[in-house]
Every structure is written in structure tokens, then in C-alpha cells.
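Heads up: the structure comes next, in C-alpha cells.
Basis for what follows: all heavy atoms, side chains included, without hydrogens, waters or symmetry-related copies.
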Amino acid sequence: MDWQIKGLTCDPSNFQNVEILDVLIDVDGPRLFTAETGLCTALVMLVDEDDQRARYLVAPTNDEIVSQLEKGIVTVRKAVDQPVVWVLETNHALEPQNAWRTTLSGLPEFVLPENGRMLWPHLQPAFRLRAIGEGLSAGTVPASVIRQVVEGASTALRKAAAHVYKEPAKQGRVSNSRKRLYDLPVQHFAYNSFEVAFSLPEESQECLLQDDADAEMHQIGSALAHAIRRSEGSDDNDPELETLEIELLEALEKLVPPLSGIVTEFEVGGTILGKGDETYRLGRETSKRVKRVLQAVRTKEEKITTLEGLVSEMDRDNFTFTLRQTSDHKDHVCSFSAEIFDEVMAAFVNESRVAISGRETLKNGNIDVSIFNEVGEDPAQL
């Protein structure tokens with residue numbers, strides 16, 4: 001225990017007769033617990049020990065912080081990262097010997113809780129996506145990055161689910177049990193980079209047998225992990241990427257950083273990927289490979305289409321509609337972004353004829369809509 005503490009020495013008697021309130025982690029004795037000290041109610045964490053001494057990180061806390069920690073809303077590091085913390089050195093009878101007032105930045109990284117570490121294993125996020133780049137800290141993250149991470153994560157899960165279950169929109173509404181596999185509850189946000197973490201659907205937490213949601217989530221995660229592994233390596237690995245179906249390539253596209261801008265890497269993790277606490281790091285070289293292969297696949301499997309028609313059916317939950325009475329005399333199932341929801345809804349309610357443009361999948365005629373406008377014609381006159 002020869003590591004240095006950047007801080008001010010203080011009176012160890014402030015921690016005399018520490019009263020342990022609740023032990024949160026117990027491994028051969030209390031490792032993380034709440035306690036009453038002479039200064040405050042605190043989270044106390046054992047960070048180092050030898051045969052004679054032990055060192056504890058002491059962080060002020062309250063009921064709200066402890067509740068968030070126990071629910072998996074905050075990580076252990078977030079819970080102890082307070083404006084002022086103390087390091088308490090004791091003997092093994094918990095009798096104080098020395099104390100320092102400091103902050104987490106004044107302590108060596110190896111004694112601190114790992115980034116992303118939840119209180120208990122079952123609280124670890126099911127899926128998380130972290131954007132990495134200079135200047136991504138609390139108060140400085142651009143809204144565009146937040147949107148990119150949140151939408152990228154949910155879209156990647158949705159694309160992977162479509163691959164796993166082969167549920168193109170033309171088969172009708174996606175069931176609620178399937179929708180909740182990619183519309184996951186947000187567990188927490190984190191800064192110093194920007195991260196969004198998702199938990200499993202609430203139903204699967206309450207009853208693991210209901211719809212086998214936990215097993216289905218891991219199938220989706222396995223598909224994503226398979227795609228990510230195919231993207232790793234040098235340019236010589238492009239043939240590996242070319243074997244992926246377009247849904248997985250489109251999922252990968254949402255998990256790699258843009259070729260310019262503040263975000264230079266994405267870190268992907270979560271229990272559904274099957275790597276435990278390990279993560280994947282995807283940089284711009286991976287972006288180049290994914291975009292190159294996806295463009296080639298789209299050239300073979302998709303075309304740009306412009307059509308007019310009538311929005312005859314609409315799935316509000318999954319952002320799809322069926323376009324009928326079309327200018328090419330075929331029905332098309334169309335997916336659209338949340339940004340044009342109001343326009344699509346208005347066209348559906350008013351039975352207005354619309355003009356759309358987007359990428360059409362050749363094998364099934366489904367269209368990913370990028371442009372949507374009403375043309376103001378009465379369908380009865382067409």
C-alpha cells in the first residue's frame with residue numbers, strides 16, 4: 001500500500017467508532033457498506049489492504065444515492081464520485097490510523113471502481129454504447145452526439161432483431177413482446193465520453209420465463225457480436241463483412257463512429273453480447289470497411305425509389321406504414337424516422353396522397369423512407 005494520495009491530511013478521529021448501517025458487498029468481511037461517521041453518512045469502500053492495514057474510500061451519501069445504486073441507475077464509481085471524499089487508513093479492527101481529504105482525481109486509477117461497474121452482477125447493463133472523443137464531458141456533449149448514441153443503439157438493436165426473427169414489416173405489426181426487445185428502458189447515462197446503457201425489458205426481470213425475453217435478447221446480442229467480430233481486423237477482412245446480411249450491416253453502421261467530427265470511437269458492451277464485462281472498440285477504420293461493404297451490398301440489393309400513393313395502414317409503435325394505390329401499382333411497406341411521424345400521421349388521418357422517396361429493398365419491395373410530402377390530390381380521383 002505504497003500508493004500516494006493527492007490531498008490534505010486530516011484528523012482520523014473524525015472516523016472513530018464508525019457505525020456500519022448496511023453492508024452492500026461482503027467478501028470475507030464488509031467491502032462496501034454505508035456507515036455513520038463523525039463527519040457524515042457515507043459510502044465506505046475497501047480499496048486496498050495488507051497484513052497490517054486497510055485503506056477505505058469514504059464518500060458522503062444519502063438515501064437517494066444508495067437507492068439509485070441498488071437499482072442500477074448509477075454505477076459504483078458514480079456513487080462515490082463526490083466533490084469531497086476521504087481516504088481512511090485503519091488497522092483490521094477498523095480503528096483509524098490516518099486520514100486524507102481528497103477527490104477521486106487525487107487517487108490512482110487502480111484503486112477505484114471500474115468504469116461501468118454496477119453494485120451487483122445482475123444490474124450490469126444489457127446493452128450499452130459509448131461515444132469516445134475529445135471534449136465529451138458533462139456540460140459539453142453536443143445534442144447531435146447524444147442523439148447519435150441513443151438512436152444508434154436502439155436502431156442497431158432493431159436491425160439485429162429483424163435479422164434474428166426475419167420479421168419484415170410486410171408481415172404485419174410487430175408484437176409488443178418483440179418490440180420491447182429493442183425499445184429497451186434506459187438504465188443510465190454517463191459522461192467523460194458519453195454513454196447510454198439499457199436494461200432488459202421489465203417483464204423479463206419480473207418473470208424470466210415470460211416470452212423467453214431474456215433468451216431472445218441474448219440471441220439479438222449474439223447476432224450483433226457476430227457482426228462486430230466480422231468487422232474487426234484489416235481491409236483484407238472485407239470478404240468476412242460481405243457475408244453478413246444487410247440488416248446486420250445496417251446495425252453495424254449505427255455502432256461505428258462517423259468519419260469526421262468529435263466522436264472518434266464507439267465502445268460497445270453489455271451482457272447480451274456474451275463477453276461478460278469486456279467491450280468492443282470500433283474506430284474509424286472499421287467505419288470505412290463497414291460503409292464500403294454496405295454501399296456495395298446496397299447497390300446489389302436496393303435501389304432509390306420515388307413513388308406516390310396513399311398511407312392506408314400505419315403502425316405507430318414501429319414507425320411503419322403501408323403505401324397503397326401507388327404509381328407503380330404495387331403495395332409497399334415503408335419504414336420512417338420519428339422526425340416525420342406527425343406528417344405521416346396527418347396523411348393517414350386525412351387520407352392524403354403522398355410522394356415518398358427512399359431506398360427500396362429489391363427482394364421484398366420494402367422502402368426506407370427519407371423524403372415524405374403530401375401532394376394534395378384526392379385519391380378518389382386517381
Side-chain angles (χ1 to χ4, degrees), residues 75 77-78 81 104-105 108-110 112-117 124-160 184 186-198 221 223-238 240-242 244 247-298 337:
T75 63
R77 180 176 288 214
K78 180 66 174 177
D81 189 4
L104 289 200
S105 62
E109 181 67 26
F110 69 86
L112 298 177
E114 296 177 14
N115 281 314
R117 172 66 60 187
Q124 289 300 118
F127 184 73
R128 63 184 184 89
L129 184 62
R130 177 185 174 215
I132 300 171
E134 291 293 329
L136 295 181
S137 58
T140 65
V141 180
S144 59
V145 172
I146 295 175
R147 176 180 173 183
Q148 183 180 12
V149 174
V150 174
E151 290 190 357
S154 59
T155 302
L157 290 169
R158 177 168 57 83
K159 294 288 186 179
L184 299 178
V186 173
Q187 186 168 342
H188 71 258
F189 295 99
Y191 291 91
N192 294 328
S193 70
F194 179 76
E195 173 181 309
V196 60
F198 300 87
L224 277 177
H226 170 71
I228 292 170
R229 287 193 296 270
R230 290 292 184 94
S231 73
E232 294 177 327
S234 67
D235 289 346
D236 294 337
N237 283 351
D238 276 1
E240 292 289 320
L241 280 175
E242 290 170 0
L244 293 177
E247 295 94 345
L248 289 182
L249 285 169
E250 289 176 337
L252 270 178
E253 184 184 30
K254 298 299 183 180
L255 301 179
V256 296
L259 297 178
S260 61
I262 192 172
V263 178
T264 58
E265 277 188 297
F266 272 132
E267 182 181 87
V268 188
T271 58
I272 65 170
L273 299 181
K275 288 191 68 177
D277 295 331
E278 297 182 45
T279 58
Y280 296 98
R281 296 285 285 265
L282 304 176
R284 286 179 173 166
E285 288 303 315
T286 304
S287 298
K288 293 177 184 177
R289 291 194 294 274
V290 171
K291 292 180 185 297
R292 181 167 58 241
V293 173
L294 184 55
Q295 182 178 10
V297 171
R298 281 174 172 163
S337 66

Revision key, fill the gap. Applying side-chain contact (heavy atoms from CB on, under 4.5 Å) to Ser144 and not counting sequence neighbours gives Pro142
Listed pairs under 3.5 Å, donor-acceptor, residues 257-265 side chains, sequence neighbours left out:
{"from": "Thr264", "atom 1": "OG1", "to": "Ile132", "atom 2": "O", "distance (Å)": "3.3"}
{"from": "Glu265", "atom 1": "OE1", "to": "Arg281", "atom 2": "NH2", "distance (Å)": "2.9"}

Check your understanding: Looking at residues at least two apart in the chain, or sitting in another chain, which of them share a side-chain contact (heavy atoms from CB on, under 4.5 Å) with Ser337?
Key -> Glu339, Ile340
Point to revise | Separation of Leu282 CG from Arg284 CZ (nearest 0.5 Å) | key: 13.5 Å
**Study point:** Distance-minimising heavy-atom pair for Leu248 and Ala160
**Key:** CD2-CA, 4.3 Å
Check your understanding: Is Leu244 close to Leu252 at the side-chain level, that is, under 4.5 Å between some pair of heavy atoms?
Key -> yes
Study note, to complete from the structure: Between Leu184 and Phe198 the two heavy atoms that sit nearest each other are O-CD2, 3.6 Å
Point to revise | Where Leu129 and Lys254 come nearest, the two heavy atoms and their spacing | key: CD2-O, 4.2 Å
Practice item. Taking salt bridge (Lys or Arg N to Asp or Glu O under 4.0 Å) as the test, write out the residues that go with Glu250, two or more places apart. Key: Lys159, Arg298, Arg359
Revision key, fill the gap. Applying salt bridge (Lys or Arg N to Asp or Glu O under 4.0 Å) to Lys288 and not counting sequence neighbours gives Glu285
Point to revise | Residues in salt bridge (Lys or Arg N to Asp or Glu O under 4.0 Å) contact with Glu109, at least two apart in sequence or another chain | key: Arg77
Practice item. Return the minimal non-hydrogen interatomic distance between Val256 and Ser287, and the atom names on each side. Key: CB-OG, 3.3 Å
Check your understanding: With distance as the sole test, does Ser154 use its side chain to make a donor-acceptor pair with the main-chain N or O of Glu151 at under 3.5 Å?
Key -> yes
Check your understanding: Which pairs pass salt bridge (charged side-chain N to carboxylate O under 4.0 Å, His left out) with one or both residues in residues 132-144, sequence neighbours excluded?
Key -> none
Study note, to complete from the structure: Between the CG atom in Leu249 and the CG atom in Leu294, the distance rounded to the nearest 0.5 Å is 5.5 Å
Revision key, fill the gap. Heavy-atom closest pair (Val290 atom, Ser231 atom, distance to 0.1 Å) is CG2-CB, 4.3 Å
Review point. When rounded to the nearest 0.5 angstrom, what is the spacing between CG in Leu241 and CD in Glu232?
Key: 10.5 Å
Point to revise | Residues forming a salt bridge (Lys or Arg N to Asp or Glu O under 4.0 Å) with Arg130, sequence neighbours excluded | key: Glu267
Point to revise | Partners meeting ring-ring contact (aromatic ring centres under 6.0 Å, His included) with Phe266 (sequence neighbours left out) | key: none
Check your understanding: Under 4.5 Å between any side-chain heavy atoms of Thr279 and Arg128, yes or no?
Key -> yes
Practice item. Return yes if some donor-acceptor pair links the side-chain N/O of Thr140 with the main-chain N/O of Gly135 below 3.5 Å, else return no. Key: yes
Review point. Any idea which heavy atoms bring Leu157 and Leu224 closest together, and the distance?
Key: CD2-CD1, 3.9 Å
Practice item. Using the test side chain to side chain donor-acceptor pair (under 3.5 Å), find all partners of Gln187 that sit at least two apart in sequence or belong to another chain. Key: none
